[in-house]
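This report refers to the structure that appears directly beneath it.
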Number of protein chains: 2
Amino acid sequence: MSKQELVVLGQSDESGACCPGLVTAPLDEDRATDLAKLFKALGDPVRLRLMSMIASRSGGEVCVCDLTPAFDLSQPTISHHLKLLRQAGLIDCERRGTWVYYWALPATLDRLAAFLKASQTAEATA
Amino acid sequence: MSKQELVVLGQSDESGACCPGLVTAPLDEDRATDLAKLFKALGDPVRLRLMSMIASRSGGEVCVCDLTPAFDLSQPTISHHLKLLRQAGLIDCERRGTWVYYWALPATLDRLAAFLKASQTAEATA
DNA sequence: ATGTTGCATCGATAAACATCAATACAACCC
DNA sequence: GGGTTGTATTGATGTTTATCGATGCAACAT
């Protein structure tokens, strides 16, 4: 029994076929534009913390009401950052009664990880 | 309710991540600020392509004179992006005669990769 | 219905950013 | 020296972004 891997949802494959990897070959313009949006979404401390707070709930969702008070920012600002993360495909949400719950979309994170992971293989000295 | 993805990965984690990882625990503010700078540096299509062009030269360096003509941008703009990548610790450079050569700093890429890689391990319970 | 609470959207503003032309600098060549 | 080439810096400009207060909307409670 070695590694078993089960991925649901659109993303086809991991580090190898689908995406070249940052180090394996120069990125073409389209892929660069696409991936840069993801990096940019994570390129803000508030969003990175939000993403981490959401993704570290392994089982599932976080209520916005648990996220907002963790920051010294207004509620609309947090809402705005959550929207950006959602537009980037990193998280999704659903309203349940009065509250809105967010959860991570691991496929997108995996895509980034795979893209960067190839970096390690090329430079043998890590 | 919406479908949650289920990712099972039997990898034996030898990445030796020094840092928590995005999914393992909520990021504290300092680490978030620090890592966000890296993501932001890669969050521009031009810089991402530059980074890829530089890093994909596994053995070594790229002359700026090879980078600039690959873009439809002015030379100062490319120079500016290279500076940002350098300030982020992703690349370094050296002048050799008339030309300036850039190379990737894999340790920084590895840090990002390790940070994201942990994302894949945590989704186990659904 | 009326009020209350949780969250999103709108409009405004100040800061950050990408970009360029012009210029400066550094190293070479003659 | 003077001229040329490669790269960085400067200054300006238009665009994007982070942030807020005010407001809107949805779901509950009474």
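Residue numbering restarts at 1 for every chain, and letters A, B, ... go by the order of the sequence lines.
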Which two nucleotides bound the region of DNA chain C that has atoms under 4.0 Å from heavy atoms of chain B, read 5' to 3'?
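So the outermost contacting nucleotides come out as C:dC17 to C:dC28.
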
If you only use heavy atoms from C-beta on, which nucleotide in D:dA27, D:dA18, D:dT7 is closest to the side chain of B:C63?
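The nucleotide sitting nearest to the side chain is D:dT7.
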
Within the supplied structure, the quantity of interest is the number of heavy atoms (other residues, nucleotides, ligands) at a distance under 6.0 Å from B:W103 CH2; does it exceed 12?
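It does: B:W103 CH2 has more than 12 such atoms within range.
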
Counting heavy atoms not belonging to B:E29, are there more than 12 under 6.0 Å from its CD?
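It does not: B:E29 CD has 12 such atoms or fewer within range.
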
Using a cut-off of 4.0 Å on non-hydrogen atoms, how would the nucleic acid contact of [X] be classed: base, sugar-phosphate, or nothing?
| X | answer |
| --- | --- |
| A:L84 | sugar-phosphate |
| B:L82 | nothing |
| A:Y102 | sugar-phosphate |
| B:H81 | sugar-phosphate |
| A:I78 | nothing |

5'-most by nearest nucleotide on DNA chain D - B:T68 or A:V46:
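The 5'-side residue here is B:T68.
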
Take B:D66 and A:R47, find for each the nucleotide of DNA chain D with the closest heavy atom, and name the residue whose nucleotide sits nearer the 5' end.
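Whichever sits nearer the 5' end wins; that is B:D66.
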
Please state how far atom [atom1] in [X] lies from atom [atom2] in [N], giving the value in whole angstrom units.
| X | N | atom1 | atom2 | answer |
| --- | --- | --- | --- | --- |
| B:D44 | D:dT17 | CG | C1' | 14 Å |
| B:L50 | D:dA8 | CG | C1' | 15 Å |
| B:Q75 | D:dA8 | CD | C1' | 7 Å |
| A:W99 | D:dA29 | CH2 | C1' | 11 Å |
| A:K37 | D:dT17 | NZ | P | 11 Å |
| B:Q87 | D:dA8 | CD | C1' | 12 Å |
| B:H80 | D:dA8 | NE2 | P | 12 Å |
| B:E94 | D:dA8 | CD | P | 13 Å |

Against the six-membered ring of B:Y102, is B:R86 placed for a cation-pi contact (under 6.0 Å from the centre, within 45° of the normal)?
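Output no; distance or angle outside limits.
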
Gap separating the NZ atom of A:K37 from the CG atom of A:L42, nearest 0.5 angstrom:
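A:K37 NZ to A:L42 CG: 14.5 Å, rounded to 0.5 Å.
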
Look at the side chain of B:T68 and the backbone N and O of B:C65, then say whether any donor-acceptor pair between them is shorter than 3.5 Å.
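Side chain of B:T68 to backbone of B:C65: no pair is present.
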
Any sub-3.5 Å donor-acceptor pair from B:S56's side-chain atoms to B:S52's backbone N or O?
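Yes; judged by distance alone, with no hydrogens or angles, the pair exists.
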
Distance-minimising heavy-atom pair for [X] and [Y]:
| X | Y | value |
| --- | --- | --- |
| B:M53 | B:V62 | O-CG2, 3.9 Å |
| B:R49 | B:A70 | NH2-O, 3.4 Å |
| B:A55 | A:L22 | CB-CD2, 3.6 Å |

Is the shortest side-chain N/O distance from B:K83 to OP1 or OP2 of D:dA8 below 4.0 Å?
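False: B:K83 side-chain N/O out of range (4.0 Å or more) of D:dA8 OP1/OP2.
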
Can you see if the side chain of B:T98 gets near the phosphate of D:dT5 - specifically, an N or O under 4.0 Å from OP1 or OP2?
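So the side-chain polar atoms of B:T98 never come under 4.0 Å of the phosphate oxygens OP1 or OP2 of D:dT5.
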
Quick check on the helix from C:dA1-D:dT30 to C:dC30-D:dG1: what's the angle between its two end axes, five base pairs per end, to the nearest 10°?
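For the helix from C:dA1-D:dT30 to C:dC30-D:dG1, the axes at either end differ by 10°.
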
Path from A:I54 to A:L73 over hydrophobic side-chain contacts below 4.5 Å:
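As far as the 4.5 Å side-chain criterion goes, A:L73 and A:I54 are connected within one cluster.
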
